[in-house]
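Here the structure is laid out as structure tokens; the discussion comes afterwards.
Predicted, not measured: the structure shown is a model, and the values here were computed from it.
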Amino acid sequence: MRVGYCRPPAGHGPNKQREALEAAGCELVVGSGIASLLGSVDAGDVVVVASLGALGSTSASAVRAALEIGAKAAELVVLDQGIDTSKEEHGAFFRHAAAIMGVDEGRKGPRAKPGHSGGKSKVDPSALANAIGMYQSGDYKLSEITSATGISRSTLYRNLPKGGDGDG
């Protein structure tokens, strides 16, 4: 089965991701978080995304999600980047992704705590804008927003416009 995945769009307007996924022949389109996608995918399925950015708010989270898809013995198609793991040497993309994650982990050094790179954490501005837009729309639960964007509840609240509801 071809399963499409799109992150909820920020703001208003047509959902270009969903349109691209439907045009790519996806029988099912999931847009409620990576955990929901992974729960919908079985071995032999093909996961289709518009871009690697749809898999996560950071490069690391997108690569981690791609590796989780590969671990389920599913294939991955990334429309914008022309990636199709079913047409390349078996597992080449997933091996490269794992190597990239290994390099990233190695840069932290032996004294760093897992998940901490040291210094002040950096918030992805586009993920934060997406989270604020989702919050202000009133269409999403807070747990859906944090899952879809990777932005924590406290970071979202800290960055909401004055008044917390977008009224300014």
Side-chain angles (χ1 to χ4, degrees), residues 1-88 91-98 100-101 104 121-153 155-157 159-161 165-166:
M1 176 168 58
R2 287 178 76 84
V3 180
Y5 177 70
C6 61
R7 295 179 71 191
H12 303 288
N15 187 340
K16 299 288 184 190
Q17 289 180 64
R18 185 174 291 275
E19 292 171 6
L21 297 173
E22 290 171 354
C26 293
E27 303 161 53
L28 170 69
V29 176
V30 178
S32 56
I34 285 291
S36 180
L37 169 68
L38 294 172
S40 303
V41 173
D42 295 315
D45 285 348
V46 177
V47 174
V48 182
V49 294
S51 70
L52 279 174
L55 290 175
S57 58
T58 66
S59 297
S61 63
V63 171
R64 262 196 275 346
L67 290 173
E68 290 181 44
I69 291 166
K72 293 195 75 130
E75 301 295 343
L76 177 64
V77 173
V78 184
L79 300 175
D80 287 353
Q81 283 85 21
I83 297 168
D84 185 346
T85 63
S86 69
K87 293 183 178 175
E88 58 187 45
F93 172 80
F94 295 118
R95 282 195 308 279
H96 293 293
I100 290 168
M101 289 304 293
D104 187 47
S121 67
K122 310 288 188 281
V123 175
D124 180 352
S126 64
L128 180 59
N130 191 20
I132 290 171
M134 291 170 68
Y135 179 86
Q136 290 176 335
S137 76
D139 294 337
Y140 301 95
K141 296 178 186 175
L142 198 51
S143 61
E144 294 173 334
I145 296 170
T146 59
S147 174
T149 64
I151 299 294
S152 71
R153 177 184 304 224
T155 299
L156 173 60
Y157 283 145
N159 288 280
L160 283 173
D165 58 6

Which atom pair, heavy atoms only, marks the closest approach of T146 to S143? OG1-O, 3.1 Å
Without swapping roles, check the side chain of T149 against the backbone of I145 for a donor-acceptor pair under 3.5 Å. yes
Donor-acceptor pair, distance only, cut-off 3.5 Å: does the side chain of Q81 make one with the backbone of V78? no
Over all heavy atoms of both residues, which pair between A148 and M134 is shortest? Give the atoms and the distance, please. CB-CE, 4.1 Å
Hey, is the main chain of A24 close enough, under 3.5 Å, to the side chain of R2 for a donor-acceptor pair? yes
Taking every heavy atom of V29 against every heavy atom of C6, the minimum-distance pair comes out as CG1-SG, 4.0 Å
Non-hydrogen atoms of V123 and L128 that approach each other most closely: CG1-CB, 3.9 Å
Flag, side chain of N159 to backbone of L156, donor-acceptor distance under 3.5 Å: no
Closest heavy-atom pair and its distance - L21, A50: CD2-N, 4.0 Å
Distance col, row L142:CG vs Y135:OH, nearest 0.5 angstrom, shows 7.5 Å
Straight-line distance of D45 CG to E27 CD, nearest 0.5 Å: 8.5 Å
Please report the interatomic distance CD1(I34) to OG(S57), rounded to the nearest 0.5 Å. 10.0 Å
Minimum heavy-atom separation for E144 to D139, with atom names? OE1-O, 4.4 Å
Could you tell me the separation between the CZ atom of R64 and the CG atom of L55, rounded to the nearest 0.5 Å? 12.0 Å
So, the side chain of T85 versus the backbone of L76: is there a donor-acceptor pair under 3.5 Å, distance only? yes
Approximate separation, where rounding is to 0.5 Å, of R18 CZ and C26 SG: 10.0 Å
Rounded to the nearest 0.5 Å, what separation is found between the CD atom of Q17 and the CG atom of D80? 9.0 Å
